[in-house]
Amino acid sequence: MAILGAIHPVLMAGLDGDNTWHLKDYVARGGYEMLKKILTEKMPQEQVIAEVKASVLRGRGGAGFPTGLKWSFMPRSFPGDKYVVCNTDEGEPGTFKDRDIVRYNPHAVIEGMAIAAYAMGATRGYNYIHGEIWEMYRRFEAALDEARAAGFIGQDILGSGFGFELFAHHGYGAYICGEETALLESIEGKKGQPRFKPPFPASFGLYGKPTTINNTETFAAIPFILKMGGENFLNLGKPNNGGTKLFSVSGHVNRPGNYEIPLGTPFSTLLEMCGGMRGGRKLKAVIPGGSSSPVVPGAVMMDATMDYDSISKAGSMLGSGAVIVMDETTCMVKALDRLSFFYYEESCGQCTPCREGTNWLYKVVHRIENGQGRPDDLDLLSSVTTNIMGRTICALGDAASMPVQSFIKHFRDEFAYHIEHKTCLVPKDVQWAGSGFHEVPA
């Protein structure tokens with residue numbers, strides 16, 4: 001089981017075995033109590049949204065936008081269908097938390113989506129599940145069948161007059177479909193490419209109807225927030241960083257896996273929970289929020305806390321909560337070479353700066369790694385990233401550029417050494433054979 005530890009568990013509470021995903025297990029843990037309470041008491045929609053706002057729950061997919069505020073954007077008086085969509089297209093390298101929520105606690109996602117639909121007056125929902133986690137897609141479908149048979153999904157839920165239909169949608173593994181509008185295009189049966197914004201999904205989303213899209217972890221937190229109270233959830237974390245969060249830790253640690261901790265927990269505490277550095281080696285660098293977030297030197301990271309504001313102050317982003325740990329044996333040029341290839345491969349090609357720029361980034365970093373670097377390559381990389389950022393329809397161009405900028409900023413000596421000496425500053429005989437980016441627990 002990839003979920004290994006927690007402090008003040010919320011999403012992970014009671015998940016101590018492989019068969020805790022069934023409806024009976026979720027109900028035994030208090031599941032669907034809040035949906036029943038909201039529907040039987042006909043709780044005002046504004047009250048539900050106000051409680052979510054009070055929790056200061058920020059979107060757990062990467063952007064960290066306040067969830068309650070996002071829900072308030074949905075038009076109240078729209079006469080037709082409105083949609084809620086769950087983004088389980090977890091394609092960010094280093095991230096593997098959402099798949100385990102769907103695997104071990106799928107009914108929390110279903111209940112959270114049903115409550116969200118009630119609060120926003122939506123009638124239909126979709127959970128878009130990444131194409132490379134077929135097992136989790138089947139698990140969610142099975143949980144949906146249980147919820148539908150028990151009357152928690154469908155028409156006239158629990159005799160309340162409120163109806164909500166929810167479906168799973170299987171993606172095809174494209175990283176770009178993690179971008180919310182590309183995800184909508186894919187559900188509609190089109191090529192998964194981002195849309196221009198505005199209009200935003202809240203006014204023109206799925207099938208042209210008002211739509212709210214949240215991450216898997218965000219929806220899964222909703223029943224617990226309403227049960228414990230928004231302010232109590234907030235107080236688990238710190239101001240502006242409400243509650244607990246799942247962090248996917250991979251790389252050079254002794255116990256990689258998913259860890260649920262209160263936002264504001266010191267990184268050093270999280271590292272200790274993971275068993276410390278593999279082999280007792282020194283911490284060199286950390287990518288704290290998934291591969292698209294800037295790398296942070298180890299010494300800086302050891303003084304940081306795991307929350308949006310502290311990680312931003314350290315020069316990076318909390319992002320999806322994918323913590324990639326690299327020790328002293330890591331060649332930073334080799335690591336960036338692998339990352340740059342990923343973004344080059346995953347660009348949808350719609351925007352010229354991204355389509356051509358990601359190719360240039362990978363080409364230049366790759367030749368530095370392979371002993372063919374040129375004296376002006378670092379300035380060239382800086383120029384290319386500057387010409388990509390802010391000039392694309394979606395954020396993939398920025399996601400490809402920020403790692404390049406940060407790697408060179410913090411580890412410029414390694415890149416310069418590669419260029420001058422045609423070899424790595426880290427001796428080959430001590431380099432770890434892997435990059436750390438594929439070390440995802442089964």
Side-chain angles (χ1 to χ4, degrees), residues 1-12 15-16 92-97 100 236-238 241 244-291 293-308 310-311 313-332 334-336 338-339 403 406-407 410-411 414 425-442:
M1 187 173 180
I3 299 178
L4 295 179
I7 303 174
H8 302 302
V10 176
L11 299 184
M12 291 170 55
L15 301 184
D16 54 359
E92 180 84 358
T95 312
F96 44 90
K97 64 182 178 65
D100 274 355
L236 289 175
K238 59 185 291 189
N241 295 267
T244 63
K245 175 156 179 33
L246 280 168
F247 288 93
S248 303
V249 185
S250 64
H252 302 153
V253 295
N254 284 309
R255 291 195 299 273
N258 286 316
Y259 294 83
E260 185 180 8
I261 58 176
L263 286 171
T265 300
F267 169 75
S268 57
T269 300
L270 177 61
L271 185 61
E272 184 179 347
M273 292 175 69
C274 298
M277 299 298 295
R278 181 185 299 172
R281 297 189 179 96
K282 293 180 181 179
L283 176 66
K284 183 174 186 176
V286 178
I287 301 177
S291 64
S293 60
V295 69
V296 178
V300 176
M301 199 66 199
M302 288 300 289
D303 291 331
T305 57
M306 300 306 295
D307 59 83
Y308 296 93
S310 179
I311 299 301
K313 186 177 179 180
S316 190
M317 304 181 301
L318 194 71
S320 62
V323 182
I324 302 170
V325 179
M326 293 175 276
D327 69 18
E328 58 193 323
T329 68
T330 304
C331 169
M332 302 308 285
K334 182 177 181 180
L336 185 60
R338 186 65 189 87
L339 285 178
S406 62
F407 269 70
H410 296 298
F411 301 97
E414 286 196 37
L425 179 62
V426 179
K428 295 288 186 182
D429 60 341
V430 301
Q431 279 187 37
W432 187 61
S435 64
F437 300 125
H438 301 295
E439 289 209 344
V440 179

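Not measured: the values here are computed from a predicted model. Atoms considered below: every heavy atom in the structure, side chains included; atoms not considered: hydrogens, waters and symmetry mates.
Of the inter-residue distances, the one linking M277 atom CE with E328 atom CD reads 8.0 Å to the nearest 0.5 angstrom. Distance CG/L236 to CG/L263: 9.5 Å, rounded to 0.5 Å. A distance of 12.0 Å separates CG in N254 from CD in E272, rounded to the nearest 0.5 Å. One distance of note links CZ of R338 with OG of S291; it measures 10.0 Å at 0.5 Å rounding. Between R281 atom CZ and D327 atom CG the span is 5.5 Å, to the nearest 0.5 Å. Summarising the geometry, atom CZ belonging to F247 is positioned 10.5 Å from atom CD belonging to E260; distances are rounded to the nearest 0.5 Å.
Counting only heavy atoms from C-beta outward, the side chains of P256 and V249 never approach each other to under 4.5 Å. T244 has its side chain out of reach of M12: every pair of non-hydrogen atoms, C-beta onward, lies at least 4.5 Å apart. In this structure the side chain of I261 never reaches within 4.5 angstrom of the side chain of K245, judged on heavy atoms. Two residues are said to be in side-chain contact when any heavy atoms from C-beta on lie closer than 4.5 Å; F267 and D303 fail this criterion. Between L336 and P403, some side-chain heavy-atom pair lies under the 4.5 Å cut-off. Contact annotation: the side chain of L246 approaches that of L11 to within less than 4.5 Å [non-hydrogen atoms, C-beta and beyond]. V325 has its side chain out of reach of M301: every pair of non-hydrogen atoms, C-beta onward, lies at least 4.5 Å apart.
With salt bridges taken as basic N to acidic carboxylate O contacts below 4.0 Å, none links E414 and K334.
Between the side chains of S320 and T95, a donor-acceptor pair is found at a separation under 3.5 Å.
By the side-chain hydrogen bond (donor to acceptor under 3.5 Å, both in side chains) test, E92 is found to be paired with Y175, S292, residues two or more places apart in sequence or in another chain being considered. The side-chain hydrogen bond (donor to acceptor under 3.5 Å, both in side chains) test applied to K97 returns N215, E217, not counting sequence neighbours. Scanning for side chain to side chain contact (heavy atoms under 4.5 Å, CB included) contacts around A285 gives V295, M326, M332, F411, with sequence neighbours left out. For S316, the side chain to side chain contact (heavy atoms under 4.5 Å, CB included) partners at least two apart in sequence or on another chain are P288, S293, P294, V296, I311. For D307, the side-chain hydrogen bond (donor to acceptor under 3.5 Å, both in side chains) test picks out K238, T305, with sequence neighbours left out.
The minimum heavy-atom distance linking N258 with F96 is given by the pair ND2-O, 3.1 Å. Residue G251 comes nearest to R278 through the heavy atom pair O-NH2, 3.4 Å, listed as atom of the first residue, atom of the second, then distance.
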Subject >> Residue pair L283, M302: steps toward the side chain to side chain contact (heavy atoms under 4.5 Å, CB included) verdict >> reply: CA-CA 9 Å; L283 176 66; M302 288 300 289; 3.9 Å; yes

**OP:** Determine, step by step, whether I7 and T269 satisfy the side chain to side chain contact (heavy atoms under 4.5 Å, CB included) criterion, reporting the C-alpha distance in whole Å, the side-chain angles of both residues, the deciding distance to 0.1 Å, and the verdict.
**Re:** CA-CA 10 Å; I7 303 174; T269 300; 4.3 Å; yes

